[in-house]
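Beneath this line is the structure, given in structure tokens, with notes to follow.
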Amino acid sequence: MSEDIDVELEQEVAEFYQSLGINQGPGDIQYRLILKVLENNDPDITKFSDIRNYTDQFADRGSIGSKMKTVFQLEGLVKKVKRGGYVITDKGIIAASFLKTTTTFYKKTKRMCEIIERMP
């Protein structure tokens, strides 16, 4: 992997969006982690086991495989290239870019809230 994924930050961001009523995409920790792993491995093949290294603490057995089939492959975010191997598509890169934007928004909002709390 080219860079390590901050799982705690991703969990914070997902919880922030869930508190706003957004449970899919930015509010789904599994979705966030899967896209991060795929993006980090781009353009190489991402093994399913690489994804599971990050998602196992948040997912029941079988839910990641199901999400890969019903969300990522169905929506064209990844292509399955071999048994247990995936490559992120251009559409997947756009989705990963969107998640970066949601993380930036979260950090700015958090910082602004901290500033407001310190005001007399």
Side-chain angles (χ1 to χ4, degrees):
M1 295 233 163
S2 58
E3 70 180 67
D4 221 18
I5 298 170
D6 186 349
V7 176
E8 290 177 13
L9 173 64
E10 295 303 324
Q11 179 66 31
E12 282 179 37
V13 176
E15 288 172 356
F16 170 75
Y17 284 99
Q18 286 175 358
S19 74
L20 299 175
I22 303 169
N23 294 316
Q24 297 299 316
D28 183 350
I29 184 64
Q30 295 174 15
Y31 181 87
R32 296 185 71 84
L33 292 174
I34 291 168
L35 265 179
K36 289 275 187 185
V37 173
L38 288 163
E39 181 187 33
N40 282 351
N41 284 341
D42 186 43
D44 298 327
I45 295 173
T46 302
K47 293 184 225 158
F48 188 69
S49 59
D50 293 338
I51 295 169
R52 294 288 306 269
N53 287 337
Y54 288 98
T55 58
D56 274 357
Q57 59 186 314
F58 300 104
D60 296 329
R61 186 159 178 81
S63 66
I64 297 301
S66 175
K67 188 164 289 229
M68 291 302 291
K69 289 176 189 164
T70 60
V71 176
F72 286 87
Q73 285 181 275
L74 192 61
E75 295 299 324
L77 302 177
V78 298
K79 280 194 269 187
K80 189 168 185 172
V81 291
K82 63 178 187 174
R83 182 174 169 84
Y86 299 92
V87 175
I88 192 167
T89 63
D90 289 340
K91 193 173 180 181
I93 296 289
I94 292 168
S97 177
F98 173 70
L99 287 186
K100 285 181 186 174
T101 303
T102 63
T103 301
T104 301
F105 176 78
Y106 165 74
K107 287 177 179 178
K108 286 180 182 177
T109 302
K110 184 178 174 184
R111 189 169 56 239
M112 188 60 72
C113 288
E114 289 169 354
I115 292 170
I116 290 171
E117 285 178 6
R118 288 184 280 174
M119 289 180 153

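Sequential numbering from 1 along the given sequence is applied to the chain's residues.
- Across Thr55 and Gln30, no two heavy atoms sit closer than the pair CG2-O, 4.4 Å.
- Between the side chains of Asp4 and Tyr54, at least one donor-acceptor pair of N or O atoms lies under 3.5 Å.
- Residues forming a ring-ring contact (aromatic ring centres under 6.0 Å, His included) with Tyr17 (at least two apart in sequence, or on another chain): none.
- For Lys47, the NZ atom counts as loosely surrounded, since its 6.0 Å shell holds 12 or fewer non-hydrogen atoms of other residues, nucleotides or ligands.
- Evaluation of the side chain to side chain donor-acceptor pair (under 3.5 Å) test over residues 62-74, restricted to residues two or more places apart or in two chains, returns Asp28-Lys67.
- The 12-atom threshold is exceeded at CZ of Phe48, counting heavy atoms of other residues, nucleotides or ligands nearer than 6.0 Å.
- Distance check, rounded to the nearest 0.5 Å: CD1 of Ile64 to CD1 of Ile51 gives 8.0 Å.
- Looking only at side-chain heavy atoms (C-beta outward), Val13 and Phe105 stay at 4.5 Å or farther from each other.
- In terms of the side-chain contact (heavy atoms from CB on, under 4.5 Å) criterion, residue partners of Asp6 (sequence neighbours excluded) are, by chain and number, Glu8, Leu9.
- To the nearest 0.5 Å, the span separating CG on Leu33 from CZ on Phe58 amounts to 6.0 Å.
- Interatomic distance, Gln18 CD to Leu20 CG, rounded to the nearest 0.5 Å: 10.0 Å.
- Ile116 belongs to a hydrophobic cluster with Met112, counting contacts under 4.5 Å between side-chain heavy atoms of Ile, Leu, Val, Met, Phe, Trp and Tyr, direct or through other members.
- In this structure, Ile45 CD1 and Leu38 CG are separated by 12.0 Å, a value rounded to the nearest 0.5 Å.
- In this structure the side chain of Val71 never reaches within 4.5 angstrom of the side chain of Gln24, judged on heavy atoms.
- In this structure Tyr106 satisfies the ring-ring contact (aromatic ring centres under 6.0 Å, His included) test together with Phe16, sequence neighbours excluded.
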Pairs under 3.5 angstrom only: tabulate donor-acceptor contacts from the side chains of residues 82-98 to other protein residues two or more places apart or in another chain.
residue	atom	partner	partner atom	Å
Thr89	OG1	Gly76	O	2.5
Thr89	OG1	Leu77	O	3.0
Thr89	OG1	Lys91	N	3.4
Thr89	OG1	Gly92	N	3.2
Lys91	NZ	Glu75	O	2.8

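- With sequence neighbours left out, the side chain to side chain donor-acceptor pair (under 3.5 Å) criterion links Thr103 to Arg32.
- Listed by chain and residue number, nothing satisfies the side chain to side chain donor-acceptor pair (under 3.5 Å) test with Lys79 (two or more places apart in sequence, or in another chain).
- For the side chain to side chain donor-acceptor pair (under 3.5 Å) condition, the pairs that include at least one residue of residues 107-119, sequence neighbours left out, are Glu12-Lys110.
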List the steps, then state whether side-chain contact (heavy atoms from CB on, under 4.5 Å) holds for Val7 with Gln57. CA-CA 10 Å; Val7 176; Gln57 59 186 314; 3.5 Å; yes
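- With sequence neighbours excluded, the residues forming a side chain to side chain donor-acceptor pair (under 3.5 Å) with Asp56 are Arg52, listed by chain and number.
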